[in-house]
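Below is one structure, written out as structure tokens; comments come after it.
Please read these numbers as outputs of a predicted model, since none were measured by experiment. Just so it is clear: chains get the letters A, B, ... in the order the sequence lines come, proteins before strands, and each one is counted from 1.
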Amino acid sequence: MAHRQRQRYLKVCEVQPTHGDEDSNEDGSEKHHRNDFDEHQMMEDDPNGRTNLIVNYLPQCMSQEELCSLFSSVGEVQTAKLIRDKVAGNSLGYGFVNFVNPNDAERAINTLNGLRLQSKTIKVSYARPSSDQIKDANLYISGLPRTMGQQDLEDLFSRFGRIITSRVLVDQASGHSRGVAFIRFDKRSEAEDAIESLNGQTPPGTSEPITVKFAAAPNQTKNQMGSQSYQSRRFGGPVHHQSQRFRYSPINVGHGGGAEGSNGWCIFIYNLTQDTDESMLWQMFGPFGAVANVKVIRDFKTNKCKGFGFVTMSNYEDAAVAIHNLNGYRMGDKVLQVSFKTNKGYN
DNA sequence: TCGAATT
């Protein structure tokens, strides 16, 4: 019977081509029929008649076929569509599943919402009918007090409209709030109102102003450990030791704030080229000793290096030697400036 | 020219 069920969804899933059911669009040349196989949401007002679900927080690697298979275990799926980046083609981590029968849709919510898949916990809920109004209604909020939880957040924002989702980001290790959150409103106009009223404001009972802005569009996947395409070994290893004399105190990163394993001595690198990536920093500094962390500072929009970065080395001596050897290093037509990080702006 | 958070 499991076998029979598998056959059933395999059949469904094979019939479902990459382009889903967009054939329902007669002119076929619309630019954005993303979410719109709920176009016949005739029972929009009747929750008992709804069949179309939105599935969020899917694992990156999950295909449309797998999405379909998963939901076919509940009942007959009419269409399943995984939303992908239009240009890169990678999954955006959500999709739509339209059931034939409303009761199956409801059961899917009850049985699959909250399911753990890979490192994700998927969310299954009814999809709202597609419309322009509901697009771009997602806000990114930063500068929140760490004491503010999801409920406090919603209390602060709910007067602007119907909140579809909200989330306070937490540090994986400590479990503490990162002071950053998302709120998706039902309508873009509601989100605009919230920005208008709350951006730059200091919420009652708190001391710092918050930033409220539209969230950036989901970005493409970032490269983890970069390609080895970079010049292989142009940096000498440790050459000699140097007595420790410095004009200012090097930053010894204790803990808190940074990623795991990033304790050590923080080095500032300036004049990096736009295409610098993390692997270059690893390769540059690796030969001098243990590198705990590297960071290329990028423009959020273009994702290009803004010309500087940081490297944390575990041992002071290694850091000093690396600085001595790499400062003044010529990279392309740039001359790198390498030094211990200062606390510009804070002292 | 000395970090900022994107479910």
Side-chain angles (χ1 to χ4, degrees), chain A residues 54-60 83 85 91-94 114 117-123 125 136-146 148-150 153-154 163-174 176-185 191 208 210-222 246-251 253 256-259 262 264-274 276 278 281 292-303 305-312 319 323 327-328 331 334-347:
Chain A
I54 181 167
V55 188
N56 283 292
Y57 311 119
L58 293 168
Q60 180 66 40
I83 305 303
D85 182 283
S91 167
L92 292 180
Y94 71 102
L117 249 52
Q118 252 86 63
S119 58
K120 303 284 189 179
T121 301
I122 69 169
K123 179 185 175 187
S125 54
D136 303 315
N138 197 25
L139 296 179
Y140 175 80
I141 302 110
S142 58
L144 291 167
R146 312 287 148 132
M148 185 173 272
Q150 185 179 26
L153 182 75
E154 293 208 0
I163 294 172
I164 300 300
T165 58
S166 70
R167 173 156 304 187
V168 176
L169 271 53
V170 297
D171 180 77
Q172 197 66 42
S174 69
H176 293 336
S177 164
R178 292 160 68 187
V180 173
F182 289 91
I183 292 185
R184 181 181 297 278
F185 278 102
E208 300 295 326
I210 61 173
T211 298
V212 183
K213 60 184 189 181
F214 284 110
N219 243 354
Q220 62 277 16
T221 52
K222 37 193 109 171
F246 32 85
R247 292 180 301 264
Y248 36 68
S249 299
I251 308 296
V253 182
S262 62
W265 303 88
C266 195
I267 299 166
F268 171 64
I269 306 100
Y270 175 69
N271 232 359
L272 294 167
T273 56
Q274 278 207 325
T276 302
E278 278 74 7
L281 294 181
N293 189 45
V294 306
K295 176 83 175 180
V296 173
I297 305 303
R298 294 183 160 88
D299 180 275
F300 197 84
K301 269 186 54 202
T302 65
N303 216 31
C305 175
K306 288 165 83 168
F308 63 98
F310 298 93
V311 169
T312 303
I323 289 169
N327 184 40
M331 178 187 233
K334 310 258 191 200
V335 176
L336 296 187
Q337 292 175 35
V338 184
S339 62
F340 282 112
K341 178 187 187 302
T342 69
N343 263 337
K344 243 181 193 172
Y346 291 98
N347 57 7

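- You can call A:Tyr140 stacked on the base of B:dT6; the centres are under 5.5 Å apart and the planes sit within 30°.
- A salt bridge links A:Arg298 and A:Glu278; the closest N-O separation between the charged side-chain nitrogens and carboxylate oxygens is under 4.0 Å.
- B:dT6 atom C1' lies 12 Å from atom CG of A:Asn303, rounded to whole Å.
- Side-chain proximity of A:Thr342 to B:dT1, B:dT7, B:dC2: nearest is B:dC2.
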request  = Give the intermediate values and the outcome of ring pair (Phe, Tyr, Trp, His ring centres under 6.0 Å) for residues A:Tyr57 and A:Tyr94.
outcome  = CA-CA 6 Å; A:Tyr57 311 119; A:Tyr94 71 102; 9.5 Å; no
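- One interatomic measurement links the two molecules: CG of A:Asp299 to P of B:dT6, which rounds to 14 Å at whole-angstrom precision.
- Checking B:dG3, B:dT1, B:dT7 against the side-chain heavy atoms of A:Thr165 singles out B:dT7 as nearest.
- Between the side chain of A:Gln60 and the main chain of A:Gly93, no donor-acceptor pair closer than 3.5 Å is present.
- A donor-acceptor distance shorter than 3.5 angstrom exists from the side chain of A:Gln150 to the backbone of A:Ser166, with no hydrogens or angles considered.
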task = Could you walk me through whether A:Phe214 and A:Tyr140 pass the ring pair (Phe, Tyr, Trp, His ring centres under 6.0 Å) test, one step at a time?
result = CA-CA 6 Å; A:Phe214 284 110; A:Tyr140 175 80; over 10 Å; no
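- For A:Leu139 and B:dT7, the CG to P distance is 15 Å, given to the nearest whole Å.
- Computed from coordinates, the A:Ile83 CD1 to B:dT7 P distance equals 17 Å when rounded to whole Å.
- In this entry the distance linking CZ of A:Phe268 with P of B:dA4 reads 12 Å, nearest Å.
- Spacing between atom CG of A:Asn271 and atom P of B:dC2 amounts to 12 Å, rounded to whole angstrom units.
- OP1 or OP2 of B:dT6 sits under 4.0 Å from a side-chain N or O of A:Arg178.
- Comparing B:dA5, B:dT6, B:dC2 against the side chain of A:Phe182 picks out B:dT6 as the nearest.
- Looking at the side chain of A:Phe310, the nearest of the listed nucleotides B:dT7, B:dT1, B:dC2 is B:dC2.
- One donor-acceptor pair, N or O on each side, does fall under 3.5 Å between the base of B:dT7 and the side chain of A:Asn138.
- Of the candidate nucleotides B:dG3, B:dT6, B:dA5, B:dG3 has the atom nearest to the side chain of A:Ile297.
- In this structure, A:Lys120 reaches neither bases nor backbone, as no heavy-atom distance under 4.0 Å exists between it and the strands shown.
- When distances run from any side-chain atom of A:Ser339 to the nucleotides B:dA5, B:dG3, B:dC2, the shortest one goes to B:dC2.
- As rounded to whole Å, 23 Å separates atom P of B:dT1 from atom CZ of A:Phe340.
- Remark: P of B:dA4 and CZ of A:Arg298 are 13 Å apart, rounded to the nearest angstrom.
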